[in-house]
2 protein chains.
Amino acid sequence: MNQTIPLYFSLFNEIGIISQLGRALLDARLPEGIIGSQFSVLNHLIRVKDGRTPLELANSFQVPKTTMTHTISGLQKHKLILIKPHPEDGRSKQVWLTEKGRDLRNNTIASLSPQLVELLSPIPHDQIESMVSNLTKIRILLDNNRD
Amino acid sequence: MNQTIPLYFSLFNEIGIISQLGRALLDARLPEGIIGSQFSVLNHLIRVKDGRTPLELANSFQVPKTTMTHTISGLQKHKLILIKPHPEDGRSKQVWLTEKGRDLRNNTIASLSPQLVELLSPIPHDQIESMVSNLTKIRILLDNNRD
DNA sequence: GTTATTTAGTACGATATCGAAGTATGTAGT
DNA sequence: ACTACATACTTCGATATCGTACTAAATAAC
């Protein structure tokens with residue numbers, strides 16, 4: 001079982017590098033003033049559901065609340081989201097997408113897609129599928145691990 | 001081929017999240033004052049080879065040179081690396097590991113290993129292997145893509 | 001119902017990351 | 001050998017991220 005350990009570290013190492021390189025691809029497509037972390041929030045609000053609270057978002061991205069406050073305030077400044085008071089909890093807030101935010105996310109993805117397809121064309125489709133499936137399992141394992 | 005595009009985004013999305021969660025696991029093991037980006041440099045110097053120049057390191061991690069200057073200076077402050085003038089290029093420098101740096105990296109990995117083994121135990125070994133192999137291919141594709 | 005504790009978000013100060021401009025060395029062109 | 005350009009690193013100012021301490025609202029204890 002000794003070979004296993006370096007393998008695990010390779011796994012995280014490759015994942016870390018790809019994450020960084022993928023982020024660079026994204027940044028290149030984002031309009032001036034919008035940054036990767038902000039885009040991730042827009043993306044999450046569309047993929048999952050908007051109306052999330054700042055704290056829920058912070059937990060989803062495993063970042064401190066204060067970081068999310070900052071990220072959100074930037075999105076709000078660009079009118080990409082709308083912050084409303086939480087209807088059932090006076091301490092809390094809800095984050096809603098604006099039309100502009102929705103468009104920005106969709107346009108960015110549309111603009112990035114051809115490059116991704118081109119870049120990943122050497123990898124067979126079914127292998128990508130199986131990777132995503134395994135990565136999802138790993139993500140869930142890690143996710144459940146946080147207390 | 002229309003299903004392919006969301007799949008690709010899922011791929012990067014999962015990778016991004018795992019990268020973040022993995023980084024959190026690492027940070028929890030690092031001694032006070034040492035940060036993930038600094039550890040990555042130590043790790044790279046051992047995995048690849050030390051004696052790299054700051055610019056080579058910046059390129060390896062796809063970060064700006066200025067960021068690497070800062071990261072390196074932190075490592076130097078903790079005596080984890082040694083900076084020497086480059087023997088063949090007066091503009092450049094070389095980054096060498098100290099014994100302390102080597103130990104810190106090895107101890108951190110040793111301390112992290114059991115948790116990783118435990119966490120990833122539900123995933124069959126051969127699937128991890130095939131993932132690492134595919135991730136490496138993707139990493140190389142992305143790497144070659146930068147101009 | 002009053003008090004203590006917990007929870008959601010923010011303010012503030014410290015450090016990390018980054019882009020633009022500066023300095024010094026190396027290289028090419030002639 | 002001189003000039004022009006390229007390259008390696010640093011300095012500096014701006015923003016991102018993060019930890020600590022705070023405020024306000026909700027919940028629990030009694």
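Quick caveat: nothing in here was measured; it's all calculated off a predicted structure. Order of the sequence lines fixes the chain letters, A, B, ..., with proteins taken first and strands second; residue numbering starts at 1 for each chain.
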Report task. Strictly below 4.0 Å, heavy-atom distances to any atom of DNA chain D: list the hits from residues 89-98 of chain B, or just say none. Result -> B/Arg91, B/Ser92, B/Lys93
Report summary line: When rounded to whole Å, the CD to P distance for the pair B/Glu88 and D/dC9 reads 14 Å
Query raised in the report: In Å, rounded to the nearest 0.5 Å, how long is the span from CD of B/Glu56 to NZ of B/Lys49?
Result: 13.0 Å
Query - Results of salt bridge (Lys or Arg N to Asp or Glu O under 4.0 Å) for A/Arg91 - residues two or more places apart only - result: A/Asp89
Query raised in the report: Would the number of heavy atoms belonging to other residues, nucleotides or ligands and lying under 6.0 Å from NZ of A/Lys100 be above 12?
Result: yes
**Report entry** For B/Gly33 against B/Gln38, the heavy-atom pair lying closest together
**Finding:** O-OE1, 3.5 Å
**Report entry** Identified side chain to side chain contact (heavy atoms under 4.5 Å, CB included) counterpart of B/Val95 within the set B/Asp50, B/Leu75, B/Leu45
**Finding:** B/Leu45
Query raised in the report: For A/Gln115, does the CD atom have more than 12 heavy-atom neighbours from other residues, nucleotides or ligands under 6.0 Å away?
Result: yes
**Report entry** salt bridge (Lys or Arg N to Asp or Glu O under 4.0 Å) contacts in which one or both residues fall within residues 5-31 of chain A, not counting sequence neighbours
**Finding:** A/Glu14-B/Arg139
Report summary line: Whole-Å distance, A/Met68 CE to C/dT10 P, equals 12 Å
Query raised in the report: Do any of residues 41-56 of chain B sit with a heavy atom less than 4.0 Å from DNA chain D, and if so which?
Result: B/Thr53, B/Pro54, B/Leu55
Query raised in the report: Excluding sequence neighbours, so at least two apart, what forms side-chain hydrogen bond (donor to acceptor under 3.5 Å, both in side chains) with A/Gln127?
Result: B/Asn134
Query raised in the report: How long is the line joining CG of B/Leu75 and C1' of C/dT17, in whole Å?
Result: 15 Å
Report task. Could you encode protein contacts along nucleotides 15-22 of chain D as a string, one character per nucleotide from 5' to 3', using B for base contact, S for sugar-phosphate-only contact and - for no contact, with a heavy-atom cut-off of under 4.0 Å? Result -> -SBBBB--
Query - Distance, nearest 0.5 Å, that separates CD1 of A/Ile18 from CD1 of B/Ile15 - result: 4.5 Å
Query raised in the report: Is any side-chain N or O of B/Thr69 closer than 4.0 Å to OP1 or OP2 of D/dT10?
Result: yes
Query - Spacing between A/Ile72 atom CD1 and C/dA8 atom P, to the nearest angstrom - result: 14 Å
Query raised in the report: Do B/Phe9 and A/Ile109 have side chains that get closer than 4.5 Å, going by heavy atoms?
Result: yes
Report summary line: Between CG of A/Leu57 and C1' of C/dT10 the distance, given in whole Å, is 16 Å
Requested in this report: Taking the side chain as every heavy atom from C-beta outward, state whether A/Thr67 and A/Phe61 have any atom pair closer than 4.5 Å.
Outcome: no
